[in-house]
Amino acid sequence: IQDKRVSRAVPFLCGRVLDFGCGAGILADYVNADHYVGVDHDNEALGVAQGKYPKHQFVSDLPDESPVFDTVVSLAVIEHIAKPEELLQRFAALLKDDGAIVLTTPHPHFHRIHDMGAMVGLFSKDAADDHEVMFNRKDLAGLAQRVGFQMVEYQRFLFGANQLCVFRRR
């Protein structure tokens, strides 16, 4: 599943990339080291990422920089955030005016299937338990609008179970 998320996001990567929720840094394969910052709260995952990509930068919290990123990517993270609007506002503060936010998230129609799959070991039980908010297309467009963005791209993938969206400033 992770490879499918990454393959959907890669065409939208450009310039300096902030990879929020980078895990083991799989997106680093697609971005030059001097244009990449990976962020994750899991120190073990950051250690793995730094070992695999020693020239790339990995940190445990969002940087406090002025707008310097062209793309902020967050794959399968936003559904785990209690206050997603606040997170997107933080992304916006780090993003150049013409930059983009690229997100993936499960589609809510597949939440029950995801829960059942987690019960039998097909999906991560922890991930299923940690979902704070499930978004459909309308919810994502509304979220974008509330933080001064518009959804300029929307795709469903993995038989409709996941969705990708791209936000740009209005």
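All of these numbers come straight from a predicted model, not from anything done at the bench. Every heavy atom of this structure was used, including side-chain atoms; hydrogens, water molecules and symmetry mates were not.
Clustering ILVMFWY residues whenever any of their side-chain heavy atoms sit less than 4.5 angstrom apart, transitively, puts Leu87 in the very cluster that holds Val68. Criterion: ILVMFWY side-chain heavy atoms under 4.5 Å apart, direct or through other members. Under it, Leu158 and Phe135 are not part of a common hydrophobic cluster. Clustering ILVMFWY residues whenever any of their side-chain heavy atoms sit less than 4.5 angstrom apart, transitively, puts Phe167 in the very cluster that holds Leu62. Residues Val73 and Ile78 are members of separate hydrophobic clusters, defined by side-chain heavy-atom contacts under 4.5 angstrom among Ile, Leu, Val, Met, Phe, Trp and Tyr. With hydrophobic clusters built from ILVMFWY side chains whose heavy atoms lie under 4.5 angstrom apart, Val147 shares a cluster with Val72.
For Glu132 against His80, the heavy-atom pair with the smallest separation is CG-O, 3.4 Å. In plain terms, the two heavy atoms of Gly25 and Tyr53 that are nearest each other are O-CE1, 3.2 Å. Between Ala9 and Leu75 the shortest heavy-atom distance is CB-CD2, 3.8 Å.
Residues satisfying the side-chain contact (heavy atoms from CB on, under 4.5 Å) test with Asp61, not counting sequence neighbours, are Arg90. Glu79 meets the side chain to side chain donor-acceptor pair (under 3.5 Å) test with Thr105; sequence neighbours excluded. Scored by the side-chain contact (heavy atoms from CB on, under 4.5 Å) test, Arg169 finds Ala92, Leu95, Asp97, Phe149 as partners (sequence neighbours excluded). Applying the side-chain contact (heavy atoms from CB on, under 4.5 Å) test to Ala100 and every residue at least two apart in sequence or in another chain returns Val166, Arg168. Scanning for salt bridge (charged side-chain N to carboxylate O under 4.0 Å, His left out) contacts around Arg8 gives an empty result, with sequence neighbours left out. When the side chain to side chain donor-acceptor pair (under 3.5 Å) test is applied to Tyr30, no partner is found at least two apart in sequence or on another chain. Taking the side-chain contact (heavy atoms from CB on, under 4.5 Å) definition, one finds that Lys52 meets it with Val48, sequence neighbours left out. Residues satisfying the ring-ring contact (aromatic ring centres under 6.0 Å, His included) criterion with Phe91, sequence neighbours excluded, are Phe20.
Pairs of residues two or more places apart, or lying in two chains, never qualify as salt bridge (Lys or Arg N to Asp or Glu O under 4.0 Å) while including a residue from residues 155-165.
Partner of Arg5 under the side chain to side chain contact (heavy atoms under 4.5 Å, CB included) criterion, out of Thr104, Val10, Leu27, Leu103: Thr104 alone.
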Next on the checklist: Working note: Arg137 + Met151, criterion side-chain contact (heavy atoms from CB on, under 4.5 Å); need CA distance, chi angles, decisive distance, verdict.
Outcome noted: CA-CA 9 Å; Arg137 182 179 186 155; Met151 187 165 54; 3.8 Å; yes
Item to check | Pair Ser60-Asn43, side-chain contact (heavy atoms from CB on, under 4.5 Å): steps then yes or no | outcome: CA-CA 7 Å; Ser60 61; Asn43 288 326; 4.0 Å; yes
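With a 4.5 Å cut-off on side-chain heavy atoms, Val102 and Thr71 count as touching. With a 4.5 Å cut-off on side-chain heavy atoms, Leu18 and Pro63 count as touching.
Formation of a donor-acceptor pair under 3.5 Å by the Gln50 side chain with backbone atoms of Ala45 is not found in this model. Under a 3.5 Å cut-off, the side chain of Gln163 and the backbone N or O of Pro106 do form a donor-acceptor pair.
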Atom pairs and distances, donor-acceptor, side-chain atoms in residues 31-40, under 3.5 Å, two or more places apart:
from	atom 1	to	atom 2	distance (Å)
Tyr36	OH	Asp19	OD2	2.7
Asp40	OD1	Asp42	N	2.9
Asp40	OD2	Cys22	N	3.4
Asp40	OD2	Gly23	N	2.7

Under 3.5 Å, sequence neighbours excluded: what are the donor-acceptor pairs made by side chains of residues 138-146?
from	atom 1	to	atom 2	distance (Å)
Asp139	OD2	Asn136	N	3.0
Arg146	NE	Glu85	OE1	2.7
Arg146	NH1	Gly142	O	3.3

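Note: Asp98 CG to Asp70 CG = 6.5 Å, rounded to the nearest 0.5 Å.
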